[in-house]
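All remarks here apply to the structure that follows.
In what follows, residues are counted from 1 in the order of the sequence shown. Predicted model only: the values in this text are computed from it and were never measured.
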Amino acid sequence: MHQQRSEGRLSPSGDTEDSAGMSRLLAPRLAYFAGVARTEHVTRAAQEMQVPQSTLSRAMVRLEQDLGVDLFARRGRTVSLTPAGRTFLGSVERALAEIERAADEVRADADPATGKVAFGFLHTMGSETVPALIRAFRVDHPRVRFSLVQNYGEAMIERLRSGELDLCLTSPVPDAPDLVGRRLDEQKLRLVVPADHRLASRRRIRLAEAADEAFVTLEPGYGLRRITDDLCRQAGFRPRIAFEGEEAETLRGLVAAGLGVALLPPPAVPRPGVVELTVTAPRAAREIGVAWLDGHPDTPPVAAFKKFLLSKRGSLLPE
């Protein structure tokens with residue numbers, strides 16, 4: 001036995017294999033070790049854990065071999081922890097408790113009645129659309145919890161890919177092989193101008209008529225910025241950018257202050273100081289859709305909320 005342990009996983013210098021490799025070796029036997037350490041009796045521990053005594057004994061011998069350290073002093077079927085065993089037990093108990101906590105958490109998140117949905121959405125959806133959606137969903141699912149992330153489209157797609165989000169409302173609807181995107185609705189965009197602007201008396205406008213105006217827009221990377229650039233290109237000009245921001249209502253305030261004009265979705269509440277014009281050409285609208293990671297299994301609460309969102313096709317946005 002001494003010879004076997006001297007050839008164990010720990011070298012005389014204290015160097016070990018990579019931690020992931022050692023974890024794979026040790027993990028299956030940690031609960032067995034904790035059970036034997038608690039009872040200080042192999043037979044009793046085997047009965048409590050409902051495993052054959054021979055299996056438990058072999059697991060403890062192999063554990064000591066892998067570590068290269070004696071964890072138990074043996075007297076027949078009775079054992080007691082060595083100093084090394086007591087040190088190891090403290091960490092093992094903490095590790096097992098953390099695993100149990102994590103297991104409880106993921107089971108709770110997947111519970112059909114009280115589970116969690118990680119849901120991302122655009123800033124412009126936050127004041128009215130998303131609160132109304134969640135309120136309607138919770139009529140039939142009153143205890144489902146939500147982890148909400150408000151961000152721009154590209155950032156949400158990355159969080160979707162990393163597993164931080166289950167679903168997201170975004171624009172444009174993504175077209176990528178690893179994602180599933182479903183169009184839910186369309187939102188018209190308006191040209192927003194200051195109340196004292198030369199175009200403020202108009203109700204409708206061709207976007208080409210604003211070619212000489214300074215524009216305030218969202219920063220590059222935002223879906224609405226790409227749509228703005230594309231619509232201006234269709235109208236035959238490249239917009240002269242006076243200011244780039246991160247939030248649509250901030251841009252509307254800058255328009256009111258006379259810093260430029262902007263292509264924006266309708267506000268939740270009308271804002272003084274601006275006039276919003278219908279754009280007749282080119283057709284100014286953006287698609288709003290829901291996206292999720294292709295092949296990613298849904299928990300029951302995520303599946304229920306996804307089904308609910310898809311049922312809102314054509315009626316997602318307020319009139």
Return yes if some donor-acceptor pair links the side-chain N/O of D109 with the main-chain N/O of K116 below 3.5 Å, else return no.
no

Under the 3.5 angstrom rule, does the side chain of R240 hit a backbone N or O of D212 as a donor-acceptor pair?
yes

Under the criterion side chain to side chain contact (heavy atoms under 4.5 Å, CB included), I'd like the reasoning laid out for C168 against I157: C-alpha separation, chi angles, the key distance, then a yes or no.
CA-CA 8 Å; C168 69; I157 294 302; 4.2 Å; yes

Where G260 and P194 come nearest, the two heavy atoms and their spacing:
O-CD, 3.8 Å

Partner residues of E276 under the salt bridge (charged side-chain N to carboxylate O under 4.0 Å, His left out) criterion, sequence neighbours left out
R190, R252

Would you say the side chain of P301 lies within less than 4.5 Å of the side chain of D111, judging by non-hydrogen atoms?
no

Check against side chain to side chain contact (heavy atoms under 4.5 Å, CB included), V216 and V192
CA-CA 10 Å; V216 294; V192 185; over 6 Å; no

L160 and V173: same hydrophobic cluster, using ILVMFWY side-chain contacts below 4.5 Å?
no

Is any side-chain heavy atom of L199 closer than 4.5 Å to one of R202?
yes

Does V117 offer a backbone N or O that forms a donor-acceptor pair with the side chain of D166 under 3.5 Å?
no

Take a 6.0 Å sphere around CZ of R138 and say whether it holds more than 12 heavy atoms from other residues, nucleotides or ligands.
yes

Donor-acceptor side-chain pairing of E213 and H197 below 3.5 angstrom
yes

List the steps, then state whether side chain to side chain contact (heavy atoms under 4.5 Å, CB included) holds for V255 with F215.
CA-CA 9 Å; V255 171; F215 276 71; over 6 Å; no

For P239 and C232 the tightest heavy-atom approach is CD-CB, 3.6 Å

With heavy-atom distances below 4.5 Å as the criterion, would you say the side chains of L293 and L179 are in contact?
yes

I want to check something: taking the side chain as every heavy atom from C-beta on, are S80 and R75 in contact at a cut-off of under 4.5 Å?
yes

Please answer whether the main-chain N or O of V180 pairs with a side-chain N or O of D294 as donor and acceptor at a distance below 3.5 Å.
no

Under a 3.5 Å threshold, yes or no: a donor from one side chain and an acceptor from the other, between R225 and T217?
yes

Distance from L316 atom CG to R183 atom CZ, nearest 0.5 Å?
10.5 Å

Do R58 and T55 have side-chain heavy atoms sitting under 4.5 Å apart?
yes

Give, for atom CG of L167 and atom NE2 of H296, the distance between the pair rounded to the nearest 0.5 Å.
10.0 Å

Are L317 and L263 in one and the same hydrophobic cluster, where Ile, Leu, Val, Met, Phe, Trp and Tyr link if side-chain heavy atoms are under 4.5 Å apart?
no

First locate atom CD of E249, then atom CG of L254, and finally report the distance between them rounded to the nearest 0.5 Å.
11.0 Å

Identified side chain to side chain contact (heavy atoms under 4.5 Å, CB included) counterpart of L169 within the set L122, L184, D185
L184

Are E154 and Y222 side-chain neighbours, meaning at least one heavy-atom pair lies under 4.5 Å?
no

With rounding to the nearest 0.5 Å, note down the distance linking CZ in F137 to NZ in K312.
11.5 Å

So, for R74 and M60, which heavy atoms are closest and what is the spacing to 0.1 Å?
NH2-CB, 4.2 Å

Presence of salt bridge, D298 and K306, under 4.0 angstrom:
yes

Going by atom types only, do T124 and R286 share a side-chain donor-acceptor pair under 3.5 Å?
yes

Pairs involving residues 36-45, ordered by first then second residue, that meet side-chain hydrogen bond (donor to acceptor under 3.5 Å, both in side chains) (sequence neighbours left out)
R38-E48, T43-Q53

Side-chain heavy-atom pair F121, N151 within 4.5 angstrom cut-off
no

Do the side chains of L218 and M156 join up, straight or via other hydrophobic residues, at under 4.5 Å, putting them in one cluster?
no

Between R29 and E64, is the closest basic N to carboxylate O distance under 4.0 Å?
no

Output, in order, the C-alpha distance, side-chain angles, deciding distance and verdict of side chain to side chain contact (heavy atoms under 4.5 Å, CB included) for F72 and L81.
CA-CA 5 Å; F72 297 104; L81 288 170; 3.6 Å; yes

Find out whether L309 and L133 are in side-chain contact, i.e. whether some heavy atom of one side chain is under 4.5 Å from a heavy atom of the other.
yes

Is the count of non-hydrogen atoms from other residues, nucleotides or ligands lying under 6.0 Å from R206 atom CZ greater than 12?
no

Identify the heavy atoms of L56 and A46 that sit nearest to each other, and give their distance.
CD2-N, 3.5 Å

Quick one: CG on L189 to CG on L224, what's the gap to the nearest 0.5 Å?
6.0 Å

Give the minimum heavy-atom separation between P131 and M125, together with the two atoms involved.
CD-O, 4.1 Å

Do D230 and R233 meet the salt-bridge criterion of a basic N to acidic O distance under 4.0 Å?
yes

Is R182 salt-bridged to E287, going by a charged N under 4.0 Å from an acidic O?
no

Distance-minimising heavy-atom pair for L165 and G120
CD2-N, 3.8 Å

Aromatic rings F305 and F308: how do their planes relate, parallel, tilted or perpendicular, breaks at 30° and 60°?
parallel

Does the T114 side chain pair with the main chain of V144, one donor and one acceptor, at a distance under 3.5 Å?
no

Within the distance-only criterion (no hydrogens, no angle test), does the side chain of T82 pair as donor or acceptor with the backbone N or O of L71 below 3.5 angstrom?
yes

Same cluster or not: V130 versus Y152, using hydrophobic residues (I, L, V, M, F, W, Y) connected whenever any side-chain heavy atoms lie under 4.5 Å apart?
no

Give a yes or no on whether Y32 atom OH has more than 12 heavy-atom contacts from other residues, nucleotides or ligands under 6.0 Å away.
no

Residue pairs involving residues 84-106 (criterion side-chain hydrogen bond (donor to acceptor under 3.5 Å, both in side chains); sequence neighbours excluded)
S91-R94, E98-R101, R101-E105, D104-R107

Hphob cluster co-occupancy, I288 + V279, side-chain heavy atoms under 4.5 angstrom
no

Does a salt bridge link R161 with E164, judged by any charged N lying under 4.0 Å from a carboxylate O?
no

